[in-house]
Amino acid sequence: MVLHRAPRRSGTPGGCADDEQSCWARVEFEEMTVAKNPLTRARAALETMNEDVDAALARDPAGGSRLEMALASPGLHAVWSHRVTHAMWQRGGRWKLPARLGSQVTRAVTGVEIHPGATIGRRFFIDHGMGVVIGETSEIGDDCMLYNGVNLGGRTLAKVKRHPTLGDGVTVGAGARILGPIVVGDGAQVGANAVVVKDVPATGVAVGVPAKVRVPAVEHDPFSDPAVYI
């Protein structure tokens, strides 16, 4: 778990007789103490894993029991491994090398390569997994789903934000390439084998090479392959 300083809050917390700054400093210290508690962190990790399994079962019609999904889903294993290596990467310094090595071990075992620097939200699922590549500066929102062979890649060698940002609820079809620091809006879909190099608006469907945004004429299943709407 990586702690981020909370934004400055206004007002004075109840039950505090000191000045506002001292009161909020005390509150933040207490919050950090709770977050560092091993039991609290273990409980949070277990809740995240359960949430990931639920998301996988909801999106994989071939999934059986929760136990089967937890033991036999390479995409799920890759996500869990990334949550660990990403926390190591964020600590910086000597932790970066073990984080990279961990991601390479995961790549060898699952066929999914996720750079430990990539930021991934909650309930993320990779179906089948094989051949998925997620670059260092990629950002993925909550409730997203990728099929096999997806590449979230860059278009420059400069050490800048060079990989895509996916909003919440985005689905990317098999073999699609999303290249560069573009934004795929909330609820958007990218069709199989599409090559996306421009922003995709929220709820849009991007298909083709190069990808063009289309709007489905009928209501569609958010977890199905967008290519069926071409």
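Keep in mind it's a predicted model, so treat the numbers as computed, not measured. Below, all heavy atoms of this structure are taken into account, side chains as well, without hydrogens, waters or symmetry copies. One-based numbering along the sequence shown.
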*Asks:* Any side-chain donor-acceptor pair under 3.5 Å between His163 and Thr137?
*Replies:* yes

*Asks:* Closer than 3.5 angstrom, by distance alone: can the side chain of Asp186 be matched with the main-chain N or O of Ala202 as a donor-acceptor pair?
*Replies:* no

*Asks:* Should Leu76 and Met49 be counted in the same cluster of Ile, Leu, Val, Met, Phe, Trp and Tyr side chains packed under 4.5 Å apart?
*Replies:* yes

*Asks:* Find out whether Thr106 and Thr85 are in side-chain contact, i.e. whether some heavy atom of one side chain is under 4.5 Å from a heavy atom of the other.
*Replies:* no

*Asks:* Please determine whether residues Val190 and Ile182 belong to a single hydrophobic cluster, defined as Ile, Leu, Val, Met, Phe, Trp and Tyr linked transitively by side-chain heavy-atom distances below 4.5 Å.
*Replies:* yes

*Asks:* Would you kindly confirm whether Val196 and Val183 end up in one hydrophobic cluster when ILVMFWY residues are joined by side chain heavy atoms under 4.5 Å apart?
*Replies:* no

*Asks:* Compare all side-chain heavy atoms of Val209 with those of Asn193 and state whether any distance is below 4.5 angstrom.
*Replies:* no

*Asks:* Rounded to the nearest 0.5 Å, what separates atom CG in Asp54 from atom CZ in Arg66?
*Replies:* 4.5 Å

*Asks:* Minimum heavy-atom separation for Gly141 and Asp168, please, with both atom names.
*Replies:* CA-OD1, 3.4 Å

*Asks:* Taking all heavy atoms of Leu57 and all of Ser65, pick out the closest pair and write down the distance.
*Replies:* CD2-O, 4.0 Å

*Asks:* Taking Thr48 for the side chain and Ala44 for the main chain, is one N or O donor matched with an acceptor at less than 3.5 Å?
*Replies:* yes

*Asks:* If Ile, Leu, Val, Met, Phe, Trp and Tyr residues are connected whenever their side-chain heavy atoms lie under 4.5 Å apart, and connections chain through other members, are Val132 and Val79 in the same group?
*Replies:* yes

*Asks:* Run the side chain to side chain contact (heavy atoms under 4.5 Å, CB included) test on Arg155 and Val197 for me, step by step, so that the C-alpha distance in whole Å, both residues' side-chain angles and the decisive distance to 0.1 Å come before the verdict.
*Replies:* CA-CA 9 Å; Arg155 291 186 289 162; Val197 294; 4.0 Å; yes

*Asks:* His77 and Thr110: which non-hydrogen atoms are nearest, and at how many Å?
*Replies:* CB-CG2, 4.2 Å

*Asks:* With the side chain counted from C-beta on, respond yes when Ile134 and Leu146 share a heavy-atom pair under 4.5 Å apart, and no when they do not.
*Replies:* yes

*Asks:* Please give me the minimum heavy-atom distance between Cys144 and Gly169, naming the atom from each residue.
*Replies:* SG-N, 3.9 Å

*Asks:* So, do Arg59 and Thr171 sit near enough that their side-chain heavy atoms are less than 4.5 Å apart?
*Replies:* no

*Asks:* Of the options Thr165, Val170, Val184, Asn151, which is the one that meets Ile178 in a side chain to side chain contact (heavy atoms under 4.5 Å, CB included)?
*Replies:* Val184

*Asks:* For Asp52 and Arg83: C-alpha separation, side-chain torsions, deciding distance, then whether side chain to side chain contact (heavy atoms under 4.5 Å, CB included) applies.
*Replies:* CA-CA 11 Å; Asp52 288 336; Arg83 298 201 190 285; 3.1 Å; yes

*Asks:* In Å, rounded to the nearest 0.5 Å, how long is the span from CD of Glu136 to NZ of Lys161?
*Replies:* 10.0 Å

*Asks:* For His115 and Gly117, indicate whether the former's side chain and the latter's backbone hold a donor-acceptor pair under 3.5 Å.
*Replies:* yes

*Asks:* Quick one, Arg100 and Pro116 - any side-chain contact, counting heavy atoms below 4.5 Å?
*Replies:* yes

*Asks:* Quick one: are Asp127 and Met145 in side-chain contact, heavy atoms under 4.5 Å?
*Replies:* yes

*Asks:* Grab the two heavy atoms, one from Ala188 and one from Val200, that are nearest each other, plus how far apart they are.
*Replies:* CB-CG1, 3.9 Å

*Asks:* Charged N to carboxylate O under 4.0 angstrom, Arg123 versus Asp143?
*Replies:* yes

*Asks:* His86 side chain to Thr119 main-chain N or O, any donor-acceptor pair under 3.5 Å?
*Replies:* no

*Asks:* Going through the checks in order, is the side chain to side chain contact (heavy atoms under 4.5 Å, CB included) test met by Val172 and Leu166?
*Replies:* CA-CA 10 Å; Val172 184; Leu166 308 187; 4.3 Å; yes

*Asks:* Under the side chain to side chain contact (heavy atoms under 4.5 Å, CB included) criterion, do Ile114 and Ile126 qualify, and how do the steps go?
*Replies:* CA-CA 11 Å; Ile114 309 177; Ile126 303 174; 4.2 Å; yes

*Asks:* If every non-hydrogen atom of Gly153 is compared with every non-hydrogen atom of Pro164, which pair is closest and at what distance?
*Replies:* O-CD, 3.5 Å

*Asks:* Are Tyr147 and Val133 connected in the hydrophobic side-chain network, where two residues link if heavy atoms are under 4.5 Å apart?
*Replies:* no

*Asks:* Is the number of heavy atoms from other residues, nucleotides or ligands within 6.0 Å of CH2 (Trp95) greater than 12?
*Replies:* no

*Asks:* May I ask you to decide if Ile120's main-chain N or O and His82's side chain share a donor-acceptor pair within less than 3.5 Å?
*Replies:* no

*Asks:* Would you call Leu152 and Ile140 a side-chain contact if the rule is heavy atoms closer than 4.5 Å?
*Replies:* yes

*Asks:* Just wondering, are more than 12 heavy atoms of other shown residues or ligands nearer than 6.0 Å to CZ in Arg162?
*Replies:* yes

*Asks:* I'd like to know whether CG of Leu46 has more than 12 heavy-atom contacts from other residues, nucleotides or ligands below 6.0 angstrom.
*Replies:* yes

*Asks:* Taking the side chain as every heavy atom from C-beta outward, state whether Val213 and Pro201 have any atom pair closer than 4.5 Å.
*Replies:* yes

